[in-house]
Amino acid sequence: MGILPISEWASWNTSFGGPGNGSEPLSGPWYSTHKTQLLGVLLAAASNFLISVSLNIQKCAHLRLACQAEPKPYYTSKLWWCGIILLGLGEVGNVTAYGFAPIALVAPLGCVSVIGSAFISVLFLKKTMRAADILGGTLTVTGTYLLVTFAPNVPQELTARQVQNYLVSWPFLVYSILEIIIFCILLYFYKRKAVKHIVVLLMMVALLASLTVIAVKAVASMITLSAKGKMQLTYPVFYIMIVLMATSCAFQVKFLNQAMHLYKAAAVVPINFVFFTTSAIISGVVFYREFQSAALLSVFMFLFGCLLSFLGVFLIARNKKEEHLQIPFIDCGHIPGQKLTGKIQPDSHSPCYGTLNNEDDSVKSQS
């Protein structure tokens, strides 16, 4: 008994120019059975690249405003609004891609935005290209190729009744209970013990993201079917999924912003990508049973592609210097008539941060 079934070997033979190919590269049976999934892949890749372009446009707008003699609010910049519009289009395209391709395939393609940001910043923001960027980009592209090639091929037309059945299935119920328990434990340490470690924050983001991608795929699939004439928007489960999507996404953004505030983006981006992708793949396996009929070799090569993508993103983000805008400040030691040798501000972790030092000796000498 082989590792790959005969039908899968036949599709591989056909897709790579074996017997039975048509006269055109995309005219064989592989394309006819994977064209919907291929559309989702192209849409997700293009959307993530658009997101990377939008983020770099917004950064460029901030840098331009900071260089002006009289800095204006960022929301008055047309360039910044252009970036916001492109970001919105990219996110809409990402959501739509879930209606055409499996979660296990769309989620890892978020690495395209990391690659795009790295190379766009070199071209337009005049940053230095590092050897780690080239190696990371190569690993990520190779991993993406393996992801697309060995991704599960499952029917993407999900009806409202199918979503209802998945919601009450025992694998998802067990998965939901475990996720709620883990999330409550992490939330307890976050709230009661004030533990704000990057792993704790991004684990909560990933647990919420798994619910987000489940809801996004259900909503996108039902909207796609409704657009084809098979109305699904009259079922209550459609609106339940919209509420789940909006709620989980809102709390996800809250914890992600907290992580971005406390830690550098070079640390948050790769860890969040790994956690998000892993949780999304697990949720797709449990809820939508995406790897139910996949061959062992396909699963192994898919996971190997994920590993290469993870390594590539870590290499691109590793030791990346962040640019900080230069903010002018007043040095009290240079004010005429004042001679202060101590700190102007206490340590940022001190409870009295934000107040001037209370130096009794200097006050007495001045009086």
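Starting from 1, each residue takes its place in the sequence as its number. Values in this document were obtained by computation on a predicted structure and should not be read as measured data. Below, all heavy atoms of this structure are taken into account, side chains as well, without hydrogens, waters or symmetry copies.
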Check your understanding: Distance under 6.0 Å and angle within 45° of the ring axis: does Lys196 meet both against Tyr190?
Key -> yes
Point to revise | For Val285, side chain to side chain contact (heavy atoms under 4.5 Å, CB included) partners two or more places apart | key: Ile281, Phe291
**Study point:** Donor-acceptor pair, side chain of Gln58 and main chain of Trp80, under 3.5 angstrom
**Key:** no
Check your understanding: Looking only at atom types and distance, does a side-chain atom of Arg130 sit under 3.5 Å from a main-chain N or O of Ile316, one as donor and one as acceptor?
Key -> yes
Review point. What about Phe314 and Phe273, are their ring centers closer than 6.0 Å?
Key: no
Exercise for review: Answer yes or no: is there a donor N or O on one side and an acceptor on the other, between the side chain of Lys217 and the main chain of Tyr98, under 3.5 Å?
Suggested key: yes
Check your understanding: What pairs with Tyr175 under side-chain hydrogen bond (donor to acceptor under 3.5 Å, both in side chains), at least two apart in sequence or on another chain?
Key -> Glu179, Ser210
Revision key, fill the gap. Residues passing the side-chain hydrogen bond (donor to acceptor under 3.5 Å, both in side chains) test with Thr212, sequence neighbours excluded, are Ser248, Gln252
Point to revise | Side chains of Asn272 and Leu256 in contact at under 4.5 Å (non-hydrogen atoms) | key: yes
Pairs under 3.5 angstrom only: tabulate donor-acceptor contacts from the side chains of residues 163-170 to other protein residues two or more places apart or in another chain.
residue, atom, partner, partner atom, Å
Asn165, ND2, Arg161, O, 3.2
Ser169, OG, Tyr166, O, 2.7

**Study point:** Counterpart residues, salt bridge (charged side-chain N to carboxylate O under 4.0 Å, His left out), relative to Lys228 (two or more places apart)
**Key:** Glu157
Check your understanding: Under a single-linkage rule joining Ile, Leu, Val, Met, Phe, Trp and Tyr whose side-chain heavy atoms are separated by less than 4.5 Å, which residues share a cluster with Leu173?
Key -> none
Study note, to complete from the structure: Residue pairs passing the salt bridge (charged side-chain N to carboxylate O under 4.0 Å, His left out) test with at least one member in residues 204-215, sequence neighbours excluded, are none
Exercise for review: Not counting sequence neighbours, which residues clear ring pair (Phe, Tyr, Trp, His ring centres under 6.0 Å) with Phe172? List them please.
Suggested key: Phe287
Review point. Within a reach of under 6.0 Å around OH of Tyr239, are more than 12 heavy atoms found that belong to other residues, nucleotides or ligands?
Key: yes
Review point. In the hydrophobic cluster built from side-chain contacts under 4.5 Å, what are the other members alongside Ile51?
Key: Leu55, Leu87
Practice item. Could you pull out all residues at least two apart from Phe275 that satisfy ring pair (Phe, Tyr, Trp, His ring centres under 6.0 Å)? Key: none
Review point. With sequence neighbours excluded, what pairs up with Phe49 under the ring pair (Phe, Tyr, Trp, His ring centres under 6.0 Å) test?
Key: none
Practice item. Check the hydrophobic clustering (I, L, V, M, F, W, Y; side-chain heavy atoms under 4.5 Å; chains of links allowed) and say if Met231 and Val219 are grouped together. Key: yes
Revision key, fill the gap. Sorted by chain and number, sequence neighbours left out, ring pair (Phe, Tyr, Trp, His ring centres under 6.0 Å) with Phe238 holds for none
Check your understanding: Judged by atom type as modelled, is there a donor-acceptor pair below 3.5 Å linking the side chain of Ser54 to the main-chain atoms of Ile84?
Key -> no
Practice item. Group every Ile, Leu, Val, Met, Phe, Trp and Tyr by side-chain heavy-atom contacts under 4.5 Å, then state whether Leu297 and Leu303 land in the same group. Key: yes
Point to revise | Any donor-acceptor pair under 3.5 Å from Glu290 side chain to Ile103 backbone | key: yes
